[in-house]
Amino acid sequence: MKHLSDQELMRIVQGGDFSPASEIYDRYSGRIYNFALRFLKSAEAAEDATQEVFVKMIKHANQFQGDAKLSTWLFSITANWCRDYLRKADNKVKESEDVLVTLPAPADQSPDRTLEQRENALRIQRALQELTAEQREAILLSRYQGLSYAEIAQIAGCSEGAVKTRVFRAMETLKKLLSVDARGGDRCLNAMS
Amino acid sequence: MSECHVVRESLPLLLAESLDPASRETAHRHIETCAACGEEWLSFKDTWQILGALPAVAVPARARERFLDEVMPRQQAVVVPFHRRPVVRWVAQAAGVVLVAGAAYFTGHRAAPLRLFSQPATVAALRPLVGAQPVYSIAETRVLPATAVSPNIEGRPDIQHVQFVDADPSDGQIGVAFDLTSHVTVTGSPTDKSMVRLLSYVLQNEEKTSPARSQAIDWVRQTYSQPQYANTEIAQALAGILRNEQREGVRIRAVDTLQKLPARVTSNGEVTRDALIDALKNDPNPSVRIKAVEALSKMAGSGQALDAEAVDSLRQKVAQGDENLYVRVKAAEALSKIHQQ
Ligand SMILES: [Zn+2]
């Protein structure tokens, strides 16, 4: 299966044979899961999103257009799922929940370095939550998934111009929250230790 | 909109390296000459880089299992070890349903390059046609008519838990059931090309298929020893086993089955004849040699001409002092049958 293209695998699924499911999952689950995790800041929700996105991919395989990019389609489903999730009242991104605390540390790394990386990651994750959902979706797809604005527009259901604005605004906010100045205190602390 | 604003909105694209060359050139020129935008560029670059420090998290392993369990539930009691099953009729009936219901779908599809395992004829898909609560606890099972399956098996599918469905007395249809990713049963006439190809695959790819090869051979013999089902491809599969199988017991079964096949089949296929000759000359097991010479004798007796090499081999056997006496006698008998013609 590994040598088959996404489109070829999907054609098999569309024919009623689900055997490519694991291969497609292995190709995309990491990207889908991390997108949802960063979008929703909840490991539990990200896991549910991943599950439901791939199940939907199998069960609604016929909705996939053979000439489309599978990644774009999967991210569309994921983004929809995440938006729905946030729309439900109980699921507002929780301030207290820091999913990255559990990140394993590479064994060959000093505890200080590990701590610093975790703090950086937490700061980024928190900064992302300051964005509007639309901005967050756009910057996540652009910065971490490398999607073009045209693809993001398709996923978000907006114009490319709107994507451009969303990413720009996201960057403006993130710049303020993450810039060297904003981290100045930490830098000094690290330099002194 | 000012040039500054246009350039600033493009900065993320510049960072993502997805700005077209002309716009990139324009943006860089502007950044170099406009101090405010130059500063914005530097801080965007910084931010972009910081964002990159957010590590990707591995998907929990349980998530994969959960997904695969949902879309491809494991087989339950459907898979039983090889033996004749009382449910044969039941499977055959379900197959009949599929055949009828699937006929329209498959019309004209036969010529398409089919994968053995990519047919949409799932029983589940047919449920609405046959009612809500019938025999079909085989919902995860798909039954395919052999006529809908391409005779060209692509690659070497890893088929497991092969079972055989005996001939249905009413129409003579046989079946082969196996697990691929779901449980598949292919049913059809013993003369159907796809059925033959599938059986031949099952026979010859033991490491890929799990029933004991001897049992597979025995089952194949039941059907293909009947004159109306004479089939060269099955004979060739058996010849392949005779050549390549390590276990003597299995070679004996293969050669014994070859001998029981309708004579015109074994003598038509050079592959079969050559395998028999080789077995006669080289097989270390006397029982295999005995069966081989019996098969050759039967071929000679049926009026089929044996080539010069075969005749030579038989002569050598007759003359070979240290050979099993029975083998020598049978070889002589075969020769006499040839000479009588
Ligand atoms: Zn400017």
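Hydrogens, waters and symmetry mates play no part in the numbers below; they use all other heavy atoms, side chains included. Protein chains get the first letters and strands the later ones, always in sequence-line order, with residue 1 at the start of each.
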Student: Would you say A/Val55 and B/Val71 make side-chain contact, with heavy atoms under 4.5 Å?
Tutor: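 Of all side-chain heavy-atom pairs linking B/Val71 with A/Val55, at least one is under 4.5 Å.
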Student: Atom OH of A/Tyr149 and atom CG of B/Leu19: how far apart are they, to the nearest 0.5 Å?
Tutor: 9.0 Å
Student: To the nearest 0.5 Å, what is the distance between CG (B/Leu51) and CG (A/Asn120)?
Tutor: 11.0 Å
Student: Which of parallel (below 30°), tilted (30 to 60°) and perpendicular (above 60°) describes B/Phe44 and A/Phe168?
Tutor: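 Tilted, since the angle between the ring planes falls between 30° and 60°.
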Student: Look at A/Lys59, A/Glu52, A/Arg143, A/Arg31 and state which one has the largest set of heavy-atom pairs under 4.5 Å with chain B.
Tutor: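 Of the candidates given, the most pairs with chain B belong to A/Arg143.
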Student: Measure distances from A/Ile139 to the heavy atoms of chain B and classify the residue's part below 4.5 Å as side chain, backbone, both or neither.
Tutor: side chain
Student: Given that the side chain runs from C-beta out, which part of A/Ser148 has a heavy atom under 4.5 Å from chain B: side chain, backbone, both or neither?
Tutor: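 Neither; nothing under 4.5 Å.
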Student: By a 4.5 Å heavy-atom criterion (distance strictly below it), what part of B/Leu11 contacts chain A: side chain, backbone, both, or neither?
Tutor: neither
Student: Using a 3.5 Å distance criterion without hydrogens, assess whether the side chain of A/Tyr144 forms a donor-acceptor pair with backbone atoms of B/Gly52.
Tutor: no
Student: Where do A/Ile32 and B/Val59 land on the side chain to side chain contact (heavy atoms under 4.5 Å, CB included) test, with the steps shown first?
Tutor: CA-CA 9 Å; A/Ile32 297 298; B/Val59 192; over 6 Å; no
Student: Taking C-beta and beyond as the side chain, do A/Gln117 and B/Pro55 meet within less than 4.5 Å on heavy atoms?
Tutor: no
Student: Is the number of heavy atoms from other residues, nucleotides or ligands under 6.0 Å of A/Gln7 CD greater than 12?
Tutor: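 Counting other residues, nucleotides and ligands, CD of A/Gln7 exceeds 12 neighbours.
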Student: What pair of heavy atoms forms the shortest contact from B/Ala58 to A/Tyr33, and how long is it?
Tutor: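 Reported closest heavy-atom pair: O-CE2, 3.8 Å.
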Student: Do you know which of A/Ser22, A/Ala127, A/Gly146 has the most heavy-atom pairs under 4.5 Å to chain B?
Tutor: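 Most heavy-atom pairs under 4.5 Å with chain B: A/Ser22.
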Student: Side chains of B/Leu54 and A/Leu128: closer than 4.5 Å at any heavy-atom pair?
Tutor: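 Yes, at least one pair of side-chain atoms sits under 4.5 Å.
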Student: Within this structure, what is the NZ-CG distance for the pair A/Lys175 and B/Asp46, rounded to the nearest 0.5 Å?
Tutor: 11.0 Å
Student: Return the option, out of A/Glu47, A/Arg11, A/Arg169, with the maximum number of heavy-atom pairs under 4.5 Å with chain B.
Tutor: A/Glu47
Student: What distance separates A/Gln51 CD from B/Arg62 CZ, expressed to the nearest 0.5 Å?
Tutor: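 So the CD of A/Gln51 and the CZ of B/Arg62 are separated by 11.5 Å.
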Student: Go through the steps to decide whether A/Arg166 and B/Glu9 satisfy the test salt bridge (charged side-chain N to carboxylate O under 4.0 Å, His left out), and finish with yes or no.
Tutor: CA-CA 9 Å; A/Arg166 287 173 191 181; B/Glu9 272 207 339; over 6 Å; no
Student: Pair A/Glu172, B/Arg8 - check salt bridge (charged side-chain N to carboxylate O under 4.0 Å, His left out), show working.
Tutor: CA-CA 10 Å; A/Glu172 284 283 311; B/Arg8 286 183 189 196; 5.7 Å; no
Student: At a 4.5 Å cut-off on heavy atoms, which part of A/Ile124 comes close to chain B: side chain, backbone, both, or neither?
Tutor: side chain
Student: Answer whether the closest heavy-atom distance between the side chains of B/Trp48 and A/Met171 falls below 4.5 Å.
Tutor: yes
Student: To the nearest 0.5 Å, tell me how far B/Ser43 OG sits from A/Leu178 CG.
Tutor: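 Between atom OG of B/Ser43 and atom CG of A/Leu178 there are 11.5 Å.
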Student: Any sub-3.5 Å donor-acceptor pair from A/Asn34's side-chain atoms to B/Val57's backbone N or O?
Tutor: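 Yes, A/Asn34 side chain to B/Val57 backbone: donor-acceptor pair under 3.5 Å.
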Student: List the steps, then state whether salt bridge (charged side-chain N to carboxylate O under 4.0 Å, His left out) holds for B/Arg64 with A/Asp26.
Tutor: CA-CA 8 Å; B/Arg64 189 178 195 276; A/Asp26 292 343; 2.7 Å; yes
Student: Please classify the contact between A/Arg38 and chain B as side chain, backbone, both or neither, with a heavy-atom cut-off of under 4.5 Å.
Tutor: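 For A/Arg38, the contact with chain B is made by the side chain alone.
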Student: Please look at B/Glu17 and chain A and tell me whether the side chain, the backbone, both or neither of the residue comes under 4.5 angstrom of a heavy atom of that chain.
Tutor: neither
Student: Tell me, for A/Asp48 versus chain B, whether the close heavy atoms (under 4.5 Å) come from the side chain, the backbone, both or neither.
Tutor: both
Student: Please evaluate residues B/Phe67 and A/Thr50 with respect to the criterion side chain to side chain contact (heavy atoms under 4.5 Å, CB included), reporting the C-alpha separation (whole Å), side-chain torsions for both, the decisive distance (0.1 Å), and the verdict.
Tutor: CA-CA 9 Å; B/Phe67 165 64; A/Thr50 307; over 6 Å; no
